[in-house]
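The structure appears below as structure tokens.
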Amino acid sequence: MKTKVLTKINSLIVFLLGLLGFYGCKDEQPTEMYGIPTAILDASGLVTDQEKKPLENIQVTVKQTCLHRALPEQYSKEDGTYAVKDVYMFPEDSVDIIATDTAGVYASDSARVKVTYSQPDADWDKGVGTIQKDFQLKKNN
């Protein structure tokens, strides 16, 4: 009777430890996979008008397509370039990028862009995801 109870308790402990990611001795190095799957998202590009002149202070927002989570927005510099670099939780294959003129002179533009990862086959940490997207904004009528 006592042996059956101890066997069941041991089986339960092994099951719970397995859920937490612990496993028995193997020849390979264990992979630590605790926390939230992440990547670093590095998005950059150029914002211009229809005459290909650079636009300054255009708000650029990167949003995840499934989670609808937005990374911190950035504004284009004097030369029209923008760069968004941040930790990106639950990496996705594509993101939405929105360019908005907060002054209202130019119409907003958006695009869904495919993300290229430095470690595409990794299960947990996909390394750095890179995006290059240029925008050409039209004046509002």
State plainly whether one hydrophobic cluster holds both [X] and [Y], where clusters connect Ile, Leu, Val, Met, Phe, Trp and Tyr through side-chain heavy atoms under 4.5 angstrom apart.
X	Y	result
Phe90	Tyr117	no
Leu46	Val84	no
Val113	Leu71	yes

For a quick check under 3.5 Å, do Ser76 and Glu56 share a side-chain donor-acceptor pair by atom type?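 No, Glu56 and Ser76 have no side-chain donor paired with an acceptor closer than 3.5 Å.
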
Is the closest side-chain donor-acceptor distance between Asn57 and Gln59 under 3.5 Å?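 Looking only at side-chain atoms, Gln59 and Asn57 do not form any donor-acceptor pair under 3.5 Å.
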
Answer yes or no: is there a side-chain heavy-atom contact under 4.5 Å between [X] and [Y]?
X	Y	result
Ile98	Val60	no
Asp134	Thr48	no
Tyr88	Gln64	yes
Leu137	Ile58	yes
Gln136	Asp49	no
Gln132	Ser44	yes

Donor-acceptor under 3.5 Å ([X] side chain, [Y] main chain):
X	Y	answer
Asn140	Gly104	yes
Thr65	Val95	no
Ser110	Ile97	no

How long is the gap from [atom1] on [X] to [atom2] on [Y], to the nearest 0.5 Å?
X	Y	atom1	atom2	result
Asp125	Ile40	CG	CD1	7.5 Å
Ser94	Arg112	OG	CZ	5.0 Å
Lys133	Ile131	NZ	CD1	11.0 Å

Inspect the contact between Asp96 and Lys63 and indicate whether a charged nitrogen and a carboxylate oxygen are less than 4.0 angstrom apart.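 Answer for the salt bridge query: no.
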
Considering non-hydrogen atoms only, spot the tightest contact between Ser118 and Gly127 and give its length.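 Taking Ser118 first and Gly127 second, the nearest heavy atoms are OG-CA, 3.5 Å.
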
Do you know which two heavy atoms are closest between Pro91 and Pro37, and how far apart they sit?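 So the minimum-distance heavy-atom pair works out to CD-O, 3.5 Å.
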
Is it true that, when you exclude Asp86 itself, more than 12 heavy atoms of the residues, nucleotides or ligands shown sit nearer than 6.0 Å to its CG?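 Atom CG in Asp86 is crowded, with more than 12 foreign heavy atoms closer than 6.0 Å.
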
Could you please spell out the steps behind the side chain to side chain contact (heavy atoms under 4.5 Å, CB included) verdict for Leu55 and Tyr106? CA-CA 10 Å; Leu55 295 176; Tyr106 294 91; 3.6 Å; yes

Which label fits Phe135 and Tyr82: parallel for a plane angle under 30°, tilted from 30 to 60°, or perpendicular past 60°?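 Aromatic pair Phe135/Tyr82 classed tilted.
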
